[in-house]
Enquirer: 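Just dropping this structure here.
Below, chains carry the letters A, B, ... as their sequence lines are ordered, and counting in each starts from 1.
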Amino acid sequence: MSARLPRFNELSNVLKRSHISAYTRINITDSDLVVRALERSGSLNGYGRDTIVLDAYPSYGYVSQAVHDMLRPRKHVLLDIYPQVYKVLQEMVVPQDPTSYDLRPLDPYKWSTFDHLWTEEGMKPQKMPFGPEFNKEMLFIANLTGSGGTQLLSQYINCIGYRNWIFQFGRVKMLFAITPREAKLLFSTPGSTRRTRLSAIAYTVADIKPVLVTEPLRKDCDYGDGDPVEVSEEEFGDAFYPKKSGAVLIAVEPKENMLVEASDWYSYHLFVRNLFATRATPLIKCLRGLSPGALEPLYPVLKDEVDYETTRPVDLTAEQLARLHRAYEDWPFKPKNVMWSAFMEDFAEAEHTLVSQPGIIGPAADDTERSSS
Amino acid sequence: MPKSTRALKIVALRAIHNGLYRKSIAQAHPDPASIDHSLKIPLTTPRSTEDVVVISRDRLGDFGLAFPSLTTRQRKRSMNVSQNFDSSFFSQLQRESSHVSTSRTSFDANDRFKLLNVLSSCLSHGNIDRAKVILKNMRSSMTDDEYSLFFNEYITRLIEVNINFTIIEDTFKEALDHKNFIPTSKTIALLLWAASTLAPDLKKHEFIRSQIQITSLARDIPLYSIIEELFYLSPDSIPYVLRSGEIAQADLTDLPEEPKQYVDNLYRTLPTLVSLCSNKSQMRPLDPKQEIIEQLDDVESVGYKYVKSMLGGLADGVSFAPQEIQDALHKLSSSDRAQVSKTIPFFGDEHDTDAVLDTYWKLLEMSSNLEPEARAPLENVFDLFNRRREIALETTSLNSAAERWKEEYSASIERGSLPVMKKLNTLLYSWNKAVTSRIEKELDKMRDELATSTSRTIMNNSESRHEVLGLLSAIPTDQVSVITLLELLRLVAMGSEELSTSKVLNAIGDAIHLEYHVARYTKRNPNRDTRSLSNRQLLSIVNKNKHNADPFDKIWTSDTKVRIGAFVMSIVMDVVKVPVTRYDSVTNESITKKIDAFSHSYVYRNGKKIGIINPHPEILKYLAEGDMKQSANPQLLPMLVKPLPWTSNVTGGYLTAPNELVRTVSIEQKVYIQTAIENGTMDKVLESVSILGETPWTINSPLFEVIAQIWNKGEEFLDIPAKLSDEPDLPKSPGEGASPQERRDWARTCRLMMSKYRSDHSQRCDLNYKLEIARSLIGERFFFPHNVDFRGRAYPIPPLLNHLGNDLTRSLLVFWQPKTLGAEGLRWLKIHLANLFGKDKMSLDDRVRFVDEHLAEIVDSATNPLNGKMWWKYADKPFQTLGACMELEKALRCPDPTLFKSRLPIHQDGTCNGLQHYAALGGDIEGANQVNLLPAEIPRDVYTKVADMVRASIREDLEHKTAGVSELAALMADNITRKVVKQTVMTSVYGVTFVGAREQINGQLKEIDSIPEEKRYLCAIYVTKKVFGAIRELFYGAHEIQDWLVAAARIITKSVTTEDCLEAVDTRRAPKSVSSVTWTTPFGLPIVQPYRKMTKEQVVTRLQTVYLSDPYQLNSADSRKQASALPPNFIHSLDATHMMMTAIECHKAGLSFASVHDSYWTHACDVGEMNDKIRACFVRLHTSDLVAKLHKEFMKRTEFHYIPINIVPSHPKYAQLKQLAKDTKERIGRMPHLRDWFALEAEREVLLKSSDEAEREEGRNMVTASTILSDLEFDEISGQIMKSPSRSGKPAARKHRKKSSENAGEGPEVALVSDEDIELLDEAAAAIEEEGAAPKVKGSITVPWQVKFPEIPKRGDLDLTQVLKSQYFFS
DNA sequence: CGCCACAGTAGGGATATAAGTAATAGATATCGC
DNA sequence: GAAGTATCTACAGACAATATCCCTACTGTGGAG
């Protein structure tokens, strides 16, 4: 991996003409730029020779190379199941440090991929309780700009809440390439109408640090005290492929003290999701939607801080949300399973519906159903 | 032009084009070839297509809803435009084109629609002055006819509020001043009515007299039509009008039958009219038919006398006078009389409702054993009795439900019983009270707001308030509340998944709409005590109600209904509470609180938000087990009298509730149906569907007892889930650090548990409702009004309890009329029993033998259903089997079983009915043989056959150890049953895809335990391949027809007319095609496949926005769905026709008849006769070549339709086309675009349609693209319409490409990517490009090709008459 | 009285939403370049 | 105008996505002429 990849425009010509279309992902194609951004953000300070880097969807490896060059990690596992990517990397890269560089045709989408990986010698870091320190024995990198990337981003953040997956090892940092669209979601602060569920959830358990952003995003994003490298639109051609929208590099740093216990995370997750379904309606109205009569126990919670008539879910901080949730959980009249009803949202799995159980009871059994009974 | 206008216009044009208005298309046996083409376009034959456009646009403008003084805003939304897009719209179009429009104002439907709302609102809450202003304002934008309609409505409301008569008179005079105001007969009738009820006596007489005189002189409105209207409006005022107006009986001879009888009776019985009776008319000679009518009248007198005796009035709505029964009994023969008297020793106290009912039931039961003639006198009494009850049921049952809630509430208060609030009914009482008062409060608020608002703001934010106010104030508030609560509970009870808000709002909106009709009915018959009315009067009221269509009904669109529903629902959510007790762990005590009963939130499905109504779990508990007696929604129950016969698409069925003959999805369909009915070409459909409603049913009470016992026990029984308690305890969430996978599995488990709970709950509720309905119908005779889906398949309208239901539901229903079994009947009863048990694959004799051999078990089942051996439980259809066991046991207990009178319906089912029709269509002998169209010793069973073939093939794989599949073959070899393949076989001819079939089979394999779960999927794939193989082999004929149908559907749905193209904005591209596949069944039912691309929009309501599809948008046809649906729909339209034919024949022969699509039911003794008729009808249906007829109809309907196709330079016709293009270029100055090609076609079309022979000749000689391509058969271009052959080669190329790129990567390992490598990759890529790319065709042109269908598959030599002798055809 | 400017808003159109994609595969439709 | 990518997966009875933001065009008002 220490070998330089060709400039992307040369490679892309080849790829384009051979009709290989793995461009559902957005690639950052300038390793130097990435290095610069990472150094500026300081996200990788303290990482190095002891780190195991899990690298999901490396694409053509420019971010990977940057990280690899910076850390010279003990292990750098690249996971990509797509032959178009895998093959190209396999052919083009001959690692100079074979003990570190480890390209595998595995599907990082599958949880089991990691489970299997950790059974291997030297792949599993030491567990570290959530404390003041990050577990620098592990770094997770992923390009989440492809299809399903949004889903993964959301799920990886959820995993922090559950403290499972890589977070069973403690505060493991993640470095993600995401689309500007997701960046907008994440860098929205309370009070802005853009405030999203994802952002609220994420800041409950993690700090999101911008590393490399695009210039057009500036007006839609609030980076807080983050000071990322900004790529202007003119530079897109060199920095990204495809260059159309560009990509954003973020570091996700799990919080030391999460606002919600792991055991409550599921419920909290549903709670927030429910509130953000009507994220711009005043609390007085939308709190009722949680379950019948839910306004009553929640009204006292924030009444000294906010006006329930005007405050909307988007205006709440993660901390406020967590407190509301706590009160809801403690409400004795909370319907037993009402939150679980959200489980039934996909009906493909509902095997007990009347339709799939034609027979003696149930709706009309006409000719079709008789046939299946 | 606004989108909406265009949409309407397109429909109109299309309708015209399809010959919508003429009998020829919708005739009973469509022979499109005979259609006189000139009739197809009722407008003057256009010189160019532009004419058509202009004319129709004007017409739309005429009828359109312009209201320029209030707005100039261009409305794009078309939903409301369509309000007028009903039959009157089309009849408008139908008129002579000489009709000159009076207004050409801008086409703005919505604003006028809003005004209509306001008008309705003002009228309904009595704001007469504003109504008047609005009506006046609207005058300028209405056609004369429309104005009359609303003027009449206005007057009606004036009368209803008992306004001073002079105001009405002035209003009328004022209206007359408007030069274009043409009073209709209804207007006059209204005036007369008003005069007779409102005018002071002095004035009354004079007014009526002069009005009648004026009208007689004017002569454009015949007197009889006025009296007819009056009959429907207010029969009571007729005597006065006749007298004051000095109308002679002879003037009214043209009255329709029913009002005529009424009027004649008046002339005869009222002394003041006697003189008029004999007076010679000044206008018309005496009608000779008079005598006959008088004779008829005599027969009616029983009912009439009865009415008189009832005048004293009884306490309850249901009553029965002993005297009348005695009278009726006198008409019976002495032996019958003795029999009846013996059973009913005394007549109950007439004030005691229970006793009256009891008497009725006994009488009814007795009478069921009488011959129809003997029963007739009793029937007269019954009819009257029941019609009153039915009307009460339809109109007042809501009130009585509410009353019962109250009673129960007060009763529990009095008793001081602790759990006052623990009973659903008491809960409902308080809910209802709260909701009612809240609705009233809100409505009052709106009223105030509207009263104070200035006229300028009428149109804006108050619009929806007007809507709600107008519509809801027309209905008693408590009824709105009651129906909302009932409907809501029903939904909560029946829902097995989340209750989506849109579902709730729609349902409530619909229910309230129905109540609106009831309210309207009640209002129009104020204080009309049905007890005092004769049968005939009742009928007239009913007819009147159906006759006087409410012009405001059109306001009740789906969006309005949803808004109304949301209004009420939001109130319900605010005020409805349920007491909940919880243990508070903090204070360590139980606390009870009133918690909101419902909340509103959202769930996400595939990332999409879905609004849901969340009932408090506490409510679920009440519903599943509670006494539902007063909680069942009383709308749409089975009827106590015969349904009204269908006479139009909306008249028939229930007495007061509106219902549709054909369940249409789109307006397009409605228009076709209405036209066909008006043209009289659907008479047979009307007749047969009416017949289905005439079959009297009753509850099988012994079986009901058994089921009730099972229910009360509350244990799981067969598929009845056990009584439910609280929500299940879900497993504990996995601990911290559990892997995502574990979490997912856990969530899934929880979901399934909840799902199961909800499903069990809804099944319990479903059964609870059904049993409650059944219980209330025990001892009754009732009827199921039917209607049909758009393909003609018939369904009973009452939901829940009907004979289409599941096994349990079916078992509860038997024919009311018992019929003596006879030897044959006994045999059929046994066969039926065997069939129900599952032994329907044996020969008939074997089935009889099977039953004989199991007599002991059968008797045991019948006598000891729940404590015996319970043999019946093991049947395929256990509850019906039990019913049959009981019936058989009863018969056998008779000294002579053949004399037993049986009520049990015996089923005769088509054996794979779809394939039977296919075989008959194709004349396919082998196919016919497979599905019992040919006589055989034992029944053939295709499913078994296919299963055998599949099994054989699998065995072969097993023996040959075929690579890759031998493992699967081993797994499956012994698991191929009939059941596994059945559904797939059936659906294969309907076009199931491989994926679909695989899912079906996968589902079946789930039930087989010996297949490991992880292999199941592979097995399913394997078996599906085999099944498809076998089917291809076995049903070649059916598939040929299917393919043809699919091809035809594609052609039709891709075709465009010249107008379509000339209209299109893009001159080069093909326009969207709007033709649906449309055909006519042999019984004249026009079928329009409704599948179009949906356009939906969000409708804002108080609760949330609701996503509604706009039924009036004319979207382009969904060609894929149209094509895949044609085979099943066509076949189903045939089996529906077959059913209708059989129903009519059975009816003629006096057989009871019921059907479930391809299962025909009658009494045991009549099975033989019905079987003959089934076969005869089948043969008759298929004697003509139906596919050929379909082909002809398709051709006729697409006569001038084109499909743009691509012609490549190598094509033989290319040169010719190119030449034509050059010629055209000289004319228009550029190479022709697609639109220009179409313009050429349009020109030709006009010429060909000309009335001038010379022009037609010119047209025939014209050269256009389509004439050049006229030899081009469908097969040659099918690739462009069906799947493309050039594309079919693609997957291979792609595979190859993939391989190449792999090769490219297999070079020597290199540390760096060198230039050489890049070149290498480059080369490979280039190579791929060369190979994979299709040859690019330059210079090809796209031109219209006049549609032509592929040859229809040749019909085989099947001798259809063989069917007559095939005993297993239906068995 | 009519005109014009301006403010306020109704409503149409666009967009995001959630979050395992458990397996498969072929045809067709739409869409972006 | 051709190529990749998304969207289906037999029909019917019974159906069904929403909240919010942004922008435009319209309405109504008020003021000056």
Enquirer: Just the rounded figure in Å: distance from P of D:dT18 to CD of B:Gln1098.
Expert: 8 Å
Enquirer: Report the distance from atom NZ of B:Lys608 to atom C1' of C:dA18, rounded to the nearest whole Å.
Expert: 12 Å
Enquirer: Evaluate whether the aromatic ring of A:Tyr109 and the six-membered ring of the C:dT21 base sit under 5.5 Å apart, centre to centre, with an inclination under 30°.
Expert: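 Yes, A:Tyr109 stacks on the base of C:dT21.
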Enquirer: Report the C-alpha distance between B:Gln669 and B:Val662 in whole Å, list the side-chain angles of each, state the deciding distance to 0.1 Å, and finish with yes or no for side chain to side chain contact (heavy atoms under 4.5 Å, CB included).
Expert: CA-CA 9 Å; B:Gln669 292 176 316; B:Val662 184; over 6 Å; no
Enquirer: Classify the angle between the aromatic ring planes of A:Trp111 and A:Tyr156 as parallel (below 30°), tilted (30 to 60°) or perpendicular (above 60°).
Expert: perpendicular
Enquirer: For A:Arg273 and D:dT18, give me the distance from atom CZ to atom P, rounded to whole Å.
Expert: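 One finds 16 Å between P of D:dT18 and CZ of A:Arg273, rounded.
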Enquirer: Closer to the 5' end of DNA chain D via nearest nucleotide, is it B:Phe790 or B:Gln1104?
Expert: B:Phe790
Enquirer: Where are the stems of DNA chain C, defined as at least 3 consecutive Watson-Crick or wobble G-U pairs with both distances under 3.5 Å?
Expert: C:3-17 with D:17-31, C:25-29 with D:5-9
Enquirer: Could you check whether A:Arg312 pairs with A:Asp315 (Lys NZ or Arg NE/NH1/NH2 to Asp/Glu carboxylate O, under 4.0 Å)?
Expert: yes
Enquirer: Can you tell me the distance, in whole Å, between the CG atom of B:Leu1103 and the P atom of D:dT18?
Expert: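 In whole Å, D:dT18 P and B:Leu1103 CG are 11 Å from each other.
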Enquirer: For B:Ser988, which contact category applies under a 4.0 Å heavy-atom criterion: base, sugar-phosphate, or nothing?
Expert: nothing
Enquirer: Does B:Tyr990 lie flat on the base of D:dA12, that is, centres under 5.5 Å apart and planes under 30° off?
Expert: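 By the stated criterion, B:Tyr990 and D:dA12 do not stack.
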